[in-house]
Colleague: 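Quick one: structure below, then a few questions.
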Amino acid sequence: MEKKNIIKDKTFEFAKEIVYLYKNLAENKEFGLSKQLLRSGTSIGANVREAEHAQSKADFIHKMSIALKEANETEYWLDLLFETKYLSVEEFQSIKNKNVEILKLLISIINTSKK
């Protein structure tokens, strides 16, 4: 029986939502900001996956820290898209809450790993 990896699952689901959001934004002719969001939002999970096979504890912390930076950047693009009226309140709150949850998980994982 395989052990559940919450951060891996949450970041993958989040990446899927980012892809769907990107498609929606691209259909509405918004390409610049949405491309940045696509890059950073999908990179979170990619870095978490890389951390799974880290060569050392330091390497694991480094890869999770990169995921944290990408989640932070994603929050910036979400805020900007919302403030410039590309996202509705409902779209924004839903995806922002998921990103904040991922940020908190990553911070907790990094802090625990450093101990």
Side-chain angles (χ1 to χ4, degrees):
M1 184 184 208
E2 190 175 327
K3 188 177 176 184
K4 265 310 227 184
N5 186 329
I6 294 168
I7 191 67
K8 179 180 168 183
D9 295 344
K10 285 189 181 291
T11 56
F12 186 76
E13 290 303 313
F14 184 76
K16 289 187 336 190
E17 287 194 43
I18 291 291
V19 170
Y20 297 137
L21 180 56
Y22 169 77
K23 285 180 175 181
N24 184 42
L25 290 166
E27 285 174 5
N28 292 313
K29 307 293 186 241
E30 198 308 300
F31 300 107
L33 301 176
S34 60
K35 195 139 202 154
Q36 293 282 31
L37 176 67
L38 178 67
R39 189 203 54 74
S40 66
T42 56
S43 181
I44 303 164
N47 281 289
V48 167
R49 286 279 178 103
E50 280 190 44
E52 276 188 302
H53 299 287
Q55 296 174 342
S56 65
K57 189 176 198 177
D59 188 34
F60 175 82
I61 292 168
H62 175 71
K63 286 176 174 36
M64 289 301 233
S65 295
I66 293 171
L68 178 61
K69 287 180 182 182
E70 294 294 342
N72 192 51
E73 181 181 337
T74 298
E75 185 172 31
Y76 172 81
W77 295 120
L78 289 170
D79 289 343
L80 187 56
L81 284 162
F82 176 68
E83 291 294 326
T84 55
K85 310 287 188 249
Y86 283 105
L87 297 178
S88 70
V89 172
E90 296 80 23
E91 288 174 312
F92 174 70
Q93 286 177 338
S94 173
I95 200 150
K96 170 94 175 216
N97 289 341
K98 291 172 186 168
N99 192 61
V100 168
E101 184 180 0
I102 288 168
L103 280 163
K104 288 177 181 178
L105 282 169
L106 288 168
I107 290 167
S108 177
I109 290 166
I110 292 165
N111 288 339
T112 300
S113 298
K114 286 181 177 179
K115 291 180 182 175

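Keep in mind that what you see is a predicted model, and the values were worked out from it rather than measured.
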Colleague: Return a table of donor-acceptor pairs under 3.5 angstrom between the side chains of residues 100-115 and protein atoms on other chains or two or more places apart.
Modeller:
from: E101; atom 1: OE2; to: K10; atom 2: NZ; distance (Å): 2.9
from: N111; atom 1: ND2; to: I107; atom 2: O; distance (Å): 3.3
from: T112; atom 1: OG1; to: S108; atom 2: O; distance (Å): 2.8
from: S113; atom 1: OG; to: I109; atom 2: O; distance (Å): 2.8

Colleague: Apply the test side chain to side chain contact (heavy atoms under 4.5 Å, CB included) to residues M64 and N47: give CA-CA distance (whole Å), side-chain angles for both, the deciding distance (0.1 Å), then the verdict.
Modeller: CA-CA 7 Å; M64 289 301 233; N47 281 289; over 6 Å; no
Colleague: State, yes or no, whether a side-chain contact exists between K96 and D79 at a heavy-atom distance under 4.5 Å.
Modeller: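 Result yes, sub-4.5 Å side-chain heavy-atom pair found.
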Colleague: Do Y20 and L38 sit in the same hydrophobic cluster, where Ile, Leu, Val, Met, Phe, Trp and Tyr count as joined when their side-chain heavy atoms come under 4.5 Å apart?
Modeller: no
Colleague: Closer than 4.0 angstrom, basic N to acidic O: yes or no for E52 and K63?
Modeller: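 Answer for the salt bridge query: no.
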Colleague: Could you state the interatomic distance from CZ (R39) to CD (E73), rounded to the nearest 0.5 Å?
Modeller: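 Here the interatomic distance stands at 4.0 Å.
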Colleague: Answer yes if F82 and L25 sit in the same cluster of Ile, Leu, Val, Met, Phe, Trp and Tyr residues linked by side chain heavy atoms under 4.5 Å apart, and no otherwise.
Modeller: yes
Colleague: Give the minimum heavy-atom separation between W77 and S40, together with the two atoms involved.
Modeller: CD1-OG, 3.6 Å
Colleague: Between S94 and E90 (side chain of the first, backbone of the second, donor and acceptor by atom type, cut-off under 3.5 Å), is there such a pair?
Modeller: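 No, S94 side chain to E90 backbone: no donor-acceptor pair under 3.5 Å.
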Colleague: Atom CG of L78 and atom NZ of K98: how far apart are they, to the nearest 0.5 Å?
Modeller: 11.5 Å
Colleague: Suppose we screen for ring pair (Phe, Tyr, Trp, His ring centres under 6.0 Å). Which residues come up paired with Y86, at least two apart in sequence or across chains?
Modeller: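 Scan of Y86 (ring pair (Phe, Tyr, Trp, His ring centres under 6.0 Å), adjacent residues dropped) gives none.
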Colleague: Nearest 0.5 Å, what's the CZ-CG distance between F92 and N99?
Modeller: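 That separation rounds to 9.5 Å.
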Colleague: What closest approach, in Å, do F14 and I44 show between heavy atoms, and which atom pair accounts for it?
Modeller: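 Nearest pair, atom of F14 first, then I44: CE2-CD1, 3.9 Å.
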Colleague: Quick one: closest heavy-atom pair of T11 and I7, and the distance?
Modeller: OG1-O, 2.8 Å
Colleague: If you measure from CD1 on I66 to CD on E50, what distance do you get to the nearest 0.5 Å?
Modeller: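 Answer for the CD1-CD pair, I66 versus E50, is 7.5 Å.
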Colleague: In this structure, are over 12 heavy atoms from other groups packed under 6.0 Å from F12 atom CZ?
Modeller: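 Check fails, neighbour count at 12 or below.
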Colleague: Is there a donor-acceptor pair closer than 3.5 Å between any side-chain N or O of N97 and the backbone N or O of Q93?
Modeller: yes
Colleague: Tell me the closest heavy-atom pair linking L21 and E91, and the distance in Å.
Modeller: CD1-OE2, 4.4 Å
Colleague: Could you grab the distance from atom CG of L37 to atom OG1 of T42, nearest 0.5 Å is fine?
Modeller: 8.5 Å
